[in-house]
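In what follows, a single structure is set out as C-alpha cells and then discussed.
All values reported here derive from a predicted model rather than from experimental measurement.
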Amino acid sequence: MKLAPRLAVLLAAAVVAATACAPQTSDNSSSGKDEKSGTLRVWLFQEVNNKPKEKAVDAVLAGFEKAHEDTKVTVEYIPVETRAQRIKAAFNDPKSAPDVIEFGNTDTAGYVKDGGLADLTEEFAAWDEAKDADPTARQSVTVDGKVYGAPYFVGVRALYYRTDVFDELGLEPPKSLAELASTAKKVHAAKPDLYGIAVGGAYTYGAMPFIWANGGELATGKGGSYASAIDSAAARKGIEAYTSLFGDGNCPAAKCAGMGGNDTVTAFASGKAAMAIGGDFSHQAVEAGAAKGKYAVVPLPGVESGSIAPAFAGGNNIGVLKSTSHRTLAVDLMQRLASKKAQADLFDAMGFLPTFTDVRQQVAAKEPFVKPFVDTLAAGTKFVPASPAWATIDSSQVLPTMFQEVVSGKKDVDAAAGDAARKMDDAFGSAG
C-alpha cells in the first residue's frame, strides 16, 4: 500500500482497522452469474498526480474492450484515505459494488475475513505469467493457501545517504548495522546540526528490518493460529539495535520519538540528516528537496558485514469481488491490469516497482536508481502476518508504542516487548 506521492506505501493497515473488523454478511456471497458482456466497474486508488496512472490504465482497458465485444469498463479512482469505508460498503451491497478493485497488500487477510474477495487460486495457477511473480508478492495475495488476487506493484526501503557529507568526513557507506550506528554517531559528532541517521519511534516499517536481520520475527504460525514473537530473544536484540539509534549522539528522543516514515524522509530530503531509511517510492520527494544531487542509495545492511537486512515488501494488489456477475471477464481484466507489460508501463508512468522478477531486472537496467531496491528484493524480503488482526495491531500503534516506551526511558526492552506481545496475542485471539 502507498500514499502521497506513494510516501504512504505501507501504512495500509493503519487506515483499514474498521474494514478488518467488519462483520461478514450474507450479501457478499457469489452472485452465481458469469455474464460475458455488459459493463465492468473498477475501483483503483487515486494518486497525487493521477494523470500518468490513468494513461497507463486506459491502454489496458482499450485492449480489454477490443478483445471483448459488447463489454465496457468504467473506472473510478477512489481516495486512499477513505477506501476502508467504501470497500466495506461494497462488500455489504453487491448491487453498487465494483467487479475489480485495487487494495493494499496488508489489507488482504482482512478483506478475506470479511468475505468480499473471490478465491482465484485456480485462475492464478493457470496464469502463465504468475510463475515469475516475486514470492513475497505472491504471499501478499495468499491467505490460508488460497489466492485472492494478483500482485500489482511492490515497494521496499533501502538506505539513503549524503555523498557530500560522507566524502567530507572520509566515510564509507556502512556494511553492517553496527557500522550504521557508529557511522551515524561520527556524523553527528562532526556535524551536530545533522542527524547521523533520521529514525522515528513511529516508523514501524523502518524498524522491522532490524528485528528480522537479528533473526527475530513479528509472529509465528499461520491462518488463525498466529502468536506474537516480538518478545523473543532475537527480536529483542533487533529492538535494542533500532532504539540505540535514538539519543543525543544521533537523533534525540525528544525530537525523533514521534517521527514516522514520512518525517524521516522529509528530514533527509530537506538536508537535516546524513542518512535515512526510505523507499523506492521516496525518490521523487528526495529529488525535490535540498539533498538533490548530493545523495546515493545502498541496501540497508544486515548484521553480518556485506549482508542485506530483510525489508518489508509493501505494495498493492488487484482483486475480484466475490459478488461480481462477470467473473470470467473480471479475472481477465485483473490479469491484464497486473500483467508484465502493464506493470512495466506503470513503472514508466509512476515509478512503481514491478512484482515480476524479470521485469524488475529490465527496469533496473533502464533506471539506475532502482538497483539498490531491486538488490534488496533479490536478497529476500518479509511480510506482516497474513491475519486480519494485523490491521488492529497496526492501527492500535502496538509496535510504535513499544519503540517509544524504550527510547523515552519509560520501559526497558524486555518490559516493552512483553507488553507488545500481549497486545498482539490479544488481537490474534480476537481475530481467530
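Lys146 and Asp144 are not joined by a salt bridge, as no carboxylate oxygen comes within less than 4.0 angstrom of a charged side-chain nitrogen. For Arg86 and Glu76, the salt-bridge test passes: some basic side-chain N is under 4.0 Å from an acidic carboxylate O. The pair Arg157-Asp280 fails the salt-bridge criterion, with no side-chain N (NZ, NE, NH1 or NH2) lying under 4.0 Å from an Asp/Glu carboxylate O. At a threshold of 4.0 Å, the pair Asp348-Lys366 counts as salt-bridged, since one of the basic side-chain nitrogens sits closer than that to a carboxylate oxygen. With salt bridges taken as basic N to acidic carboxylate O contacts below 4.0 Å, one links Arg327 and Glu123. Under 4.0 Å is where a charged nitrogen must lie from a carboxylate oxygen, and between Lys423 and Asp419 no such pair does. A salt bridge does not link Arg422 to Asp426: none of the charged side-chain nitrogens sits closer than 4.0 Å to a carboxylate oxygen. Look at Lys191 and Glu168 and you find a salt bridge, because one of the NZ, NE, NH1 or NH2 atoms lies within 4.0 Å of a carboxylate O, short of that distance. Under a 4.0 Å N-O distance rule, the pair Arg83/Glu102 does not qualify as a salt bridge.
With Ser244 contributing its side chain and Ala241 its backbone, the two residues share a donor-acceptor pair below 3.5 Å. For the pair Asn105 (side chain) and Ala313 (backbone), a donor-acceptor distance under 3.5 Å is present. Asp119 places a side-chain N or O within donor-acceptor distance of the main-chain N or O of Thr121, the cut-off being under 3.5 Å. A donor-acceptor pair is defined here as one N or O able to donate and one able to accept, closer than 3.5 Å; such a pair exists between the side chain of Asp263 and the backbone of Gly260. Counting only distance, with no hydrogens or angles, the side chain of Arg236 and the backbone of Asp414 share no donor-acceptor pair below 3.5 Å. With hydrogens and angles ignored, the 3.5 Å screen pairs a side-chain donor or acceptor of Tyr226 with a backbone N or O of Ala386. No donor-acceptor pair closer than 3.5 Å links the side chain of Ser396 to the backbone N or O of Val398. The main-chain N or O of Leu245 is found under 3.5 Å from a side-chain atom of Asn250 such that the two form a donor-acceptor pair. A donor-acceptor contact shorter than 3.5 Å is absent between the side chain of Thr142 and the backbone of Gly145. Under the 3.5 Å distance criterion, the side-chain polar atoms of Gln404 are matched with a main-chain donor or acceptor of Ala257.
Across every non-hydrogen atom of Phe124 and Gly149, the tightest pair is CD1-O, 3.6 Å. For Arg41 against Trp43, the heavy-atom pair with the smallest separation is NH2-NE1, 3.8 Å. Contact detail for Pro151 and Val141: the closest heavy-atom pair is N-CG1, 4.0 Å. Contact between Leu194 and Ala273 at its shortest, heavy atoms only, is CD2-N, 3.8 Å. Closest approach of Pro299 and Ala158 over heavy atoms only: CA-CB, 4.1 Å. Tyr111 and Ile87 get closest at one heavy-atom pair: OH-CD1, 3.5 Å.
Here the straight-line distance linking atom OG1 of Thr183 with atom NE2 of His188 works out to 14.5 Å at 0.5 Å rounding. For the atom pair OG1 (Thr324) and NZ (Lys322), the distance works out to 13.0 Å, reported to the nearest 0.5 Å. Phe383 contributes atom CZ, which lies 10.0 Å from atom CH2 of Trp390 (distance to the nearest 0.5 angstrom). Note: Lys272 NZ to Thr264 OG1 = 13.0 Å, rounded to the nearest 0.5 Å. Rounding to the nearest 0.5 angstrom, the gap separating the CG atom in Leu333 from the CG atom in Asp99 is 8.5 Å. Here NZ of Lys371 is found 8.5 Å from CD of Gln361. Values are rounded to the nearest 0.5 Å.
Residues Val100 and Leu321 are not in side-chain contact: their nearest non-hydrogen atoms beyond the backbone lie 4.5 Å or more apart. Considering only heavy atoms from C-beta on, Val147 stays 4.5 Å or farther from Arg138 through its side chain. Here the side chains of Thr106 and Phe312 are in contact, with some heavy-atom distance below 4.5 Å. Looking at heavy atoms from C-beta onward, Val297 lies out of side-chain contact with Leu159 at the 4.5 angstrom threshold. Counting only heavy atoms from C-beta outward, the side chains of Tyr203 and Asn262 never approach each other to under 4.5 Å. Looking at heavy atoms from C-beta onward, Lys340 lies in side-chain contact with Asp358 at the 4.5 angstrom threshold. Put simply, the side chain of Trp212 reaches to within 4.5 Å of the side chain of Leu218, judged on heavy atoms. Put simply, the side chain of Phe45 reaches to within 4.5 Å of the side chain of Lys53, judged on heavy atoms.
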### Query
Does the side-chain contact (heavy atoms from CB on, under 4.5 Å) test come out yes or no for Tyr295 and Val286, once each step is laid out?
CA-CA 9 Å; Tyr295 74 95; Val286 176; 3.5 Å; yes
### Task
Show your working on side-chain contact (heavy atoms from CB on, under 4.5 Å) between Ile318 and Ile101 and close with a plain yes or no.
CA-CA 6 Å; Ile318 300 284; Ile101 62 169; over 6 Å; no
### Query
So Thr136 and Thr381, side-chain hydrogen bond (donor to acceptor under 3.5 Å, both in side chains) or not? Walk me through it.
CA-CA 7 Å; Thr136 308; Thr381 54; 2.7 Å; yes
### Message
Test salt bridge (Lys or Arg N to Asp or Glu O under 4.0 Å) on Glu217 and Lys382; report intermediate values, then the result.
### Response
CA-CA 9 Å; Glu217 297 288 349; Lys382 294 273 195 175; 2.7 Å; yes
### Message
Show, in sequence, the C-alpha distance, side-chain angles and deciding distance for Gln343 and Thr355, and conclude whether the side-chain hydrogen bond (donor to acceptor under 3.5 Å, both in side chains) test is met.
### Response
CA-CA 8 Å; Gln343 289 194 20; Thr355 65; 3.1 Å; yes
### Query
Please walk me through it: do Leu300 and Thr376 pass side-chain contact (heavy atoms from CB on, under 4.5 Å)?
CA-CA 8 Å; Leu300 181 68; Thr376 298; over 6 Å; no
### Query
Given Phe246 and Val199, is the side-chain contact (heavy atoms from CB on, under 4.5 Å) satisfied, shown in steps?
CA-CA 7 Å; Phe246 294 78; Val199 287; 3.7 Å; yes
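Residue-environment remark: CD (Glu287) exceeds the threshold of 12 foreign heavy atoms within 6.0 Å. Environment of NZ in Lys51: sparse, with no more than 12 heavy atoms of neighbouring residues, nucleotides or ligands closer than 6.0 Å. Remark: Lys185 NZ is loosely packed, at most 12 non-hydrogen atoms of other residues, nucleotides or ligands lying under 6.0 Å away. More than 12 heavy atoms of other shown residues, nucleotides or ligands fall within 6.0 angstrom of atom CD in Gln362.
Under the 30°/60° scheme for interplanar angles, the aromatic rings of Tyr161 and Phe166 are found to be tilted. Between Phe369 and Phe347, the ring planes lie parallel to each other; the angle is under 30°, not in the 30° to 60° tilted range.
For Phe403 and Tyr242, the gap between ring centers is short of 6.0 Å.
Between the side chains of Gln46 and Asn50, not a single donor N or O lies within less than 3.5 Å of an accepting N or O.
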